[in-house]
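It should be emphasised that the depicted structure is a prediction, and the values quoted were computed from it without experimental measurement.
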Amino acid sequence: MCADGERWLRIPLSPALPSLLRQPHGNTLTRNIPDKPTLDGLEAKWDSRWESAGTYRFDRTKTREEIFSIDTPPPTVSGSLHMGSVFGYVQTDAHARYRRMAGNEVFYPMGWDDNGLPTERRVQNYYGVRCDAGLPFDPDFTPPTEAHDPPVSVSRRNFIDLCHVLTAEDEKVFEDLWRVIGLSVDWTQTYATIDHHSRRTSQKAFLRNLERGEAYSQEAPVLWDVDFQTAIAQAELEDREKGGSYHKIAFRRQDGSPLYIETSRPELICSCVALVAHPDDDRYGELFGSTVSSPLFGVELPVVAHELAEPEKGTGVAMICTFGDTTDVIWWRELDLPTRSVIQHNGRFQSEMPEWLDGDGATVYSELAGLFPNQARRKMAELLAESGDLDGEPRQIMHPVKFYEKGDRPLEIITSRQWYIRNGARDDDLRKEMLGRGEELNWVPDFMGVRYQHWVDGLNGDWLISRQRFFGVPIPVWYPVKAAGEVDYDNPIVPAEAQLPIDPSSEVPAGYDESGRGRPGGFVGDPDIMDTWATSSLTPQIAGHWDDDPDLFGRVFPMDIRPQGPDIIRTWLFATTVRAHFEHGVLPWHTGTINGWILDPDRKKMSKSVGNVVTPMPFIEEVGAEAVRYWACNGRPGTDTAIDLGVMKIGRRLAIKILNASRFALSFSESDVDPSTITESLDKSMLGELSEVVEQATNAFERYDYARALEVTERSFWNWTDDYLELVKTRAYGEGPGAESAHAALQFGLSVFLRLFAPFLPFVTEEVWSWWKEGSVHRAVWPSAAELADYTGDADVLAITSQVLGVVRRTKSDAKVSMRAEVDRISVIGSEHQIRLVKDGESDLREAARASAIDYSEGEFAVEAELTSS
RNA sequence: GGGCGUUUAGCUCAGUUGGCUAGAGCACUGCCCUUACAAGGCAGGGGUCGGCGGUUCGAGUCCGUCAACGCCCACCA
């Protein structure tokens, strides 16, 4: 795109030139307005000029009161570029541009979220590699040009290098998109969640959480993705409806009679630790305290009582396994049951014979060893059918199954040691404090606050931040290895803050040397990394340089707004709130603006799995960046918005209209006209109406309602071109005070419109601004009623004159004659006041209507036009 | 099962604290090459504001209820 953008290029306004050329009063640069203004190429032209002029550079000498700071969402660079990527960012940009013009110094950095699993997965697929932490580093490894098939194994360090290479490429693609779409970010203020500064900030914040007891490690059952082989957090869960089948299975009471349970996971009978029924369930009351034996394995199991057992579900008796689902974890913990787990980290049944099995049970188990759960399930169903313990045929059902949101196989629950940060789930006081933070935040739109509240109310565990992966910020601790060789997890060795960032798998704690790694009396490094949210929950601290630039941090933090999508309230917004609450004792921002969803043209939510992801570049190429921006800014705050090429085309038409109307408005004089020459009441009326528009647009922006600001500006602008420009045209082509008044009013009006549109249509407004003004429209002062006050008149003059003109047009249209057709007379009936208003605009009205005379009489308002018969 | 949001013209959407015959654009129809604009301009037709019931002098707007759609949450036996 933008290939021939410079075909009518003029001498650029170098930042150095204006001071040489500027005259004491106004600006005398010769205008160079193209005969055929075009939108083509404006994106590239102005992006590079803004960059070289530093138009959006942040001035850090400003005070906190003057600064407006934005906690920009760092896009996941390994994710797909889709229309949702531009939607929310453009809305934020419009607000940033408004703030900048309204007098704030805007802190608008950009980050890239590049660490974490999404990048690893993309690297695996892109290059056809897999990370094998056991392999040695290969210094001669070069990134493959084509994906290996089948995948080759590479060392951890080579793998991480590939992650860096690919994310650098991905970040360039994103930056290019942001530039084309016109985001006014300060490109000197960028960060990446894997970079040195972010790792340092992330580790420092973690160590402080650890020191204050807000972070801890614990050996416990966790939700586990068997493909990625990592623990995941509650916030990353999603339920999917999956088919399954209930198996009705007989356990044996002491007297040999069957006790039936129903389960969708018969393969876990071997890890069963108890059966459970509701304490008030009379059917089973006598069994509490006794034992039953499991089918095939013959393990004696207690029958226990717990409120969570639902009498209506299945037979009313459930088997408790370690662990089949999250309810099992609750029962296991609250009833103090033993652990009998058989599923390994790779998702397969362990090969070693479980110690609680012997005899026939061991023989049965040997058939399950090494299988995946779904394979073991079929095997168990066969075996149970053969032994007669399966009652009837399995019953097909659909039920919700927990998945990792990025995963393909159901989660398992596996016991392992993990790191957690407290979030209020296990501490009522902290939960109340976090709910209080949610109430404190100014939510835009306000109903979004409910989502936060529900999430915090529903938390059922602390925040699990450790991941058994590679491309991320390492957990910055080591552990002593006791003389007996066991690792002392309870006494982690921490680095000094000055040492950060560290990688405990390659660096050595103070007082040790490398030879002690993994040896009794020595140390081991924590092998895990932190989840990406553990770092991106610190974006205000990272972007504001909490770690290394307290002066800057004091000027931007707490930030003014956090713009983001509704889906990550539970993750990003909540986690950021937790971290700031712990570290700084404040809410990290004043306002949270939550954008809506992007729906595809059929009003379906876009998602990769559905395959309806729409990428922005084809739209930008077809209608231009500003048309896409116009569409994005038409989406109300927090409102789901469908991708609509039609809306974009309206935006394009608006931008073209601005070019053409500007060309007309600026065609009458070579220099700025003094607004004190505005004397005609129609002109003053127009400025009076504009004054109201300015007020409405400003109020809307103050409420973060960019869409409303655009709407009132746009409506007024079309009236301006349709009515005012037509009314004033003839007078403007003439000479004398009337013409001068028109010229000045046209310029003044245009100047106001360009500034009102600048947040939405940054390229075309800047282009027109450059025709006759110095500097950037984006650093021009936001229009105000005060600025217009000396030149305004009764807005009703223009309104009623336009209305009369409308009647004349309709008359001509009905008569199927040209708009240039002559009108003999217009008769206006109205109140004394209305008549006076029309008379104020009469001469312009007669020219525009081509009417030779206007008759007036008092009465109920009515207008009639009498065409000259031809 | 709970919560939030949406439902206004064929389509995409406005309608701020309840106030005169409900608005815009697209699409459709008619007219017009008028010296800013024909990838345009001007004008026109088109809606019992999801259903039902309330409050009110007055309801698209407030309350209740039902329905459809979307999203979020919920202990997978």
Which nucleotide in [options] has an atom nearest any side-chain atom of [X]:
X	options	result
Val450(A)	C76(B), C4(B), A43(B)	C4(B)
Asp644(A)	C76(B), U12(B), C37(B)	U12(B)
Phe447(A)	G41(B), G5(B), C71(B)	G5(B)
Ser818(A)	A43(B), C76(B), C32(B)	C32(B)
Arg810(A)	C76(B), G44(B), U34(B)	G44(B)
Arg820(A)	C75(B), U34(B), C76(B)	U34(B)
Pro400(A)	C31(B), C42(B), C76(B)	C76(B)

What's [X] touching, base or sugar-phosphate or nothing? Going by heavy atoms closer than 4.0 Å.
X	value
Glu310(A)	base
Lys729(A)	base
Gln696(A)	nothing
Val817(A)	sugar-phosphate
Glu238(A)	nothing
Arg636(A)	sugar-phosphate
Ala309(A)	base
Ile330(A)	nothing
Asp239(A)	base

With respect to the phosphate group of [N], does any side-chain polar atom (N or O) of [X] fall under 4.0 Å of OP1 or OP2?
X	N	value
Arg653(A)	C26(B)	yes
Lys657(A)	G41(B)	yes
Lys36(A)	A38(B)	yes
Gln234(A)	A74(B)	yes
Arg715(A)	A24(B)	no

Rounding to the closest angstrom, what is the interatomic distance between [N] and [M] at atom [atom1]?
N	M	atom1	answer
U8(B)	G47(B)	C1'	8 Å
G5(B)	C63(B)	P	11 Å
G25(B)	G60(B)	P	23 Å
U6(B)	U61(B)	C1'	16 Å
C33(B)	C42(B)	C1'	13 Å
C26(B)	A9(B)	C1'	12 Å
G41(B)	C4(B)	P	45 Å
G50(B)	C69(B)	C1'	11 Å

Q. When you look at CD of Glu864(A), are more than 12 heavy atoms from neighbouring residues, nucleotides or ligands closer to it than 6.0 Å?
A. no

Q) Is atom CD of Glu393(A) surrounded by more than 12 heavy atoms (other residues, nucleotides or ligands) closer than 6.0 Å? A) no

Whole-Å distance separating the [atom1] atom of [X] from the [atom2] atom of [N]:
X	N	atom1	atom2	value
Tyr630(A)	C26(B)	OH	C1'	11 Å
Lys812(A)	G30(B)	NZ	P	22 Å
Leu805(A)	G41(B)	CG	C1'	13 Å
Arg663(A)	U35(B)	CZ	C1'	10 Å
Leu710(A)	C13(B)	CG	C1'	13 Å
Glu702(A)	U16(B)	CD	C1'	16 Å
Trp597(A)	U12(B)	CH2	C1'	21 Å
Leu39(A)	G40(B)	CG	P	12 Å

Q.
Assuming nearest nucleotide by heavy-atom distance, tell me which of Thr721(A) and His399(A) is located more 5' along RNA chain B.
A. Thr721(A)

Q) Pick the nucleotide of RNA chain B nearest each of Arg451(A) and Gly458(A); which residue has the one closer to the 5' end? A) Arg451(A)

(Q) Test of understanding: with side chain to side chain contact (heavy atoms under 4.5 Å, CB included), list the residues that count as partners of Ala799(A), not counting sequence neighbours. (A) none

Q) Which heavy-atom pair separates Phe372(A) from Gly347(A) by the least distance, and what is that distance? A) CD2-O, 3.6 Å

Q) Do you know the tightest heavy-atom contact between Met448(A) and Gly638(A)? A) CE-O, 4.0 Å

Q. Backbone N or O of Val807(A) within a donor-acceptor pair of the Thr811(A) side chain at under 3.5 Å?
A. yes

Q) Can you give the dot-bracket line for RNA chain B, using ( ) for pairs inside the strand, [ ] for pairs that cross earlier ones, | for pairs with another strand and . for unpaired bases, where Watson-Crick and G-U count if both distances are under 3.5 Å? A) (((((((..((((.....[...)))).(((((.......))))).....(((((..]....))))))))))))....

Q.
Nearest 0.5 angstrom please: Cys633(A) SG to Tyr706(A) OH, how far?
A. 7.0 Å

(Q) Can a side-chain donor-acceptor contact be found between Tyr724(A) and Glu689(A) if the only test is distance below 3.5 angstrom? (A) no

Q) Think Lys729(A) forms a cation-pi with Phe664(A), using NZ or CZ under 6.0 Å from the six-ring centre and within 45 degrees of its axis? A) yes

Q: Mark yes or no for a side-chain to base donor-acceptor pair under 3.5 Å between Lys402(A) and C76(B), with no hydrogen or angle criteria applied.
A: no

Q.
I'd like to know if Ser813(A) reaches the base of G44(B) with its side chain such that a donor and an acceptor end up less than 3.5 angstrom apart.
A. no

Q: With Tyr630(A) as reference, evaluate Glu714(A), Arg652(A), Arg653(A) under the side chain to side chain donor-acceptor pair (under 3.5 Å) test and give the passing residue.
A: Glu714(A)

Q. Passes side-chain contact (heavy atoms from CB on, under 4.5 Å), Phe574(A) versus Trp463(A)? Steps please.
A. CA-CA 11 Å; Phe574(A) 176 62; Trp463(A) 177 20; over 6 Å; no

